[in-house]
Amino acid sequence: MSFLRRRSAATPAGPDFDVLAMDPSDWPGNLGAGLLPAPDGSCQGVFLRYDLFGGRGPAMIIGNLPAGSPARELEGDEVPFEVAQLLLALDNDEPVRVVDTEDTPVMHSGNLLIVRRVKISESRVSCVQFDRDDGVLVTIASWDRPITDELYQLLKPLPPEMFQQG
């Protein structure tokens with residue numbers, strides 16, 4: 001996926017990597033974005049929260065975590081960061097864990113992705129992950145909606161201006 005290249009900047013005000021997600025103009029609900037800052041001020045990840053439920057909680061969270069991000073470091077059957085954020089936003093404090101993973105090939109913009117379907121003990125959560133060729137891990141966590149192959153066709157790099165601070 002050649003369009004997903006690291007951007008170079010001396011001191012980025014936002015992430016120094018392209019963020020792959022759904023364009024907010026393609027989403028009928030509310031959108032929120034969060035940056036995961038490192039102590040040195042660099043961006044260790046971006047997550048986008050798509051809310052279709054009229055302020056009652058998100059329908060989906062899409063995360064982009066570069067290599068080295070502490071949010072990527074999971075132990076045992078710990079759920080991905082995005083799943084934890086989804087459940088936190090929904091005020092669901094039941095303990096959840098990863099019960100299985102399965103690799104599936106999916107086409108995206110003429111390229112083959114190997115998508116990991118992550119099965120969670122909370123059956124209303126759907127979760128998939130894939131690694132981009134620039135080392136960024138994309139995770140999609142959805143509440144009460146299956147993640148179908150059509151969703152990948154909606155993913156595209158978002159303009160860096162969306163994530164500028166200041």
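None of the values given here were measured: they were computed from a predicted structure. Quick note: numbers below take in every heavy atom, side chains included, and nothing from hydrogens, waters or symmetry partners.
Using a 4.5 Å heavy-atom threshold, the side chains of Y152 and I147 count as touching. Looking at heavy atoms from C-beta onward, L112 lies in side-chain contact with M107 at the 4.5 angstrom threshold. With contacts defined as side-chain heavy-atom distances shorter than 4.5 Å, the pair L35/P15 qualifies. The closest side-chain heavy-atom distance from V46 to L158 is not below 4.5 Å. Inter-residue side-chain proximity for E102 and K119 is flagged as met; some heavy-atom pair is nearer than 4.5 Å. Between P105 and I114, the closest side-chain pair of non-hydrogen atoms falls below 4.5 Å.
Put simply, V125 and L137 are part of two different groups of oily side chains (I, L, V, M, F, W, Y) that touch within less than 4.5 Å, one to the next. Cluster annotation: I120 and L74 are assigned to distinct hydrophobic clusters (Ile/Leu/Val/Met/Phe/Trp/Tyr, side-chain heavy-atom contacts under 4.5 Å, transitive).
Here D100 contributes atom CG and S121 contributes atom OG; the two are 12.5 Å apart, rounded to the nearest 0.5 Å. Of the inter-residue distances, the one linking R116 atom CZ with D131 atom CG reads 5.0 Å to the nearest 0.5 angstrom. Here I140 contributes atom CD1 and F130 contributes atom CZ; the two are 5.5 Å apart, rounded to the nearest 0.5 Å. Put simply, CG on D18 and CG on N64 are 9.0 Å apart, with the number rounded to the nearest 0.5 Å. A distance of 15.5 Å separates CZ in F47 from CE in M60, rounded to the nearest 0.5 Å. Residue L151 holds its CG atom at 6.0 Å from CD1 of I62, rounded to the nearest 0.5 Å.
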Below 3.5 Å, can you tabulate the donor-acceptor pairs from side chains in residues 79-99 to any protein atom, sequence neighbours excluded?
residue	atom	partner	partner atom	Å
N92	OD1	E94	N	3.1

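Checked by atom type and distance alone, the side chain of S126 pairs as donor or acceptor with a backbone atom of R145 at under 3.5 Å. At least one donor-acceptor pair under 3.5 Å links the side chain of R72 to the backbone N or O of L65.
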Would you please test T139 and C127 for side chain to side chain contact (heavy atoms under 4.5 Å, CB included) and show each step? CA-CA 7 Å; T139 302; C127 180; 3.8 Å; yes
Check step by step if side chain to side chain contact (heavy atoms under 4.5 Å, CB included) holds for V19 and L48. CA-CA 10 Å; V19 175; L48 291 99; 3.7 Å; yes
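E150 pairs by the side chain to side chain contact (heavy atoms under 4.5 Å, CB included) definition with T148, not counting sequence neighbours.
Looking at every heavy atom in both residues, M22 comes nearest to Y50 through O-OH, 2.7 Å.
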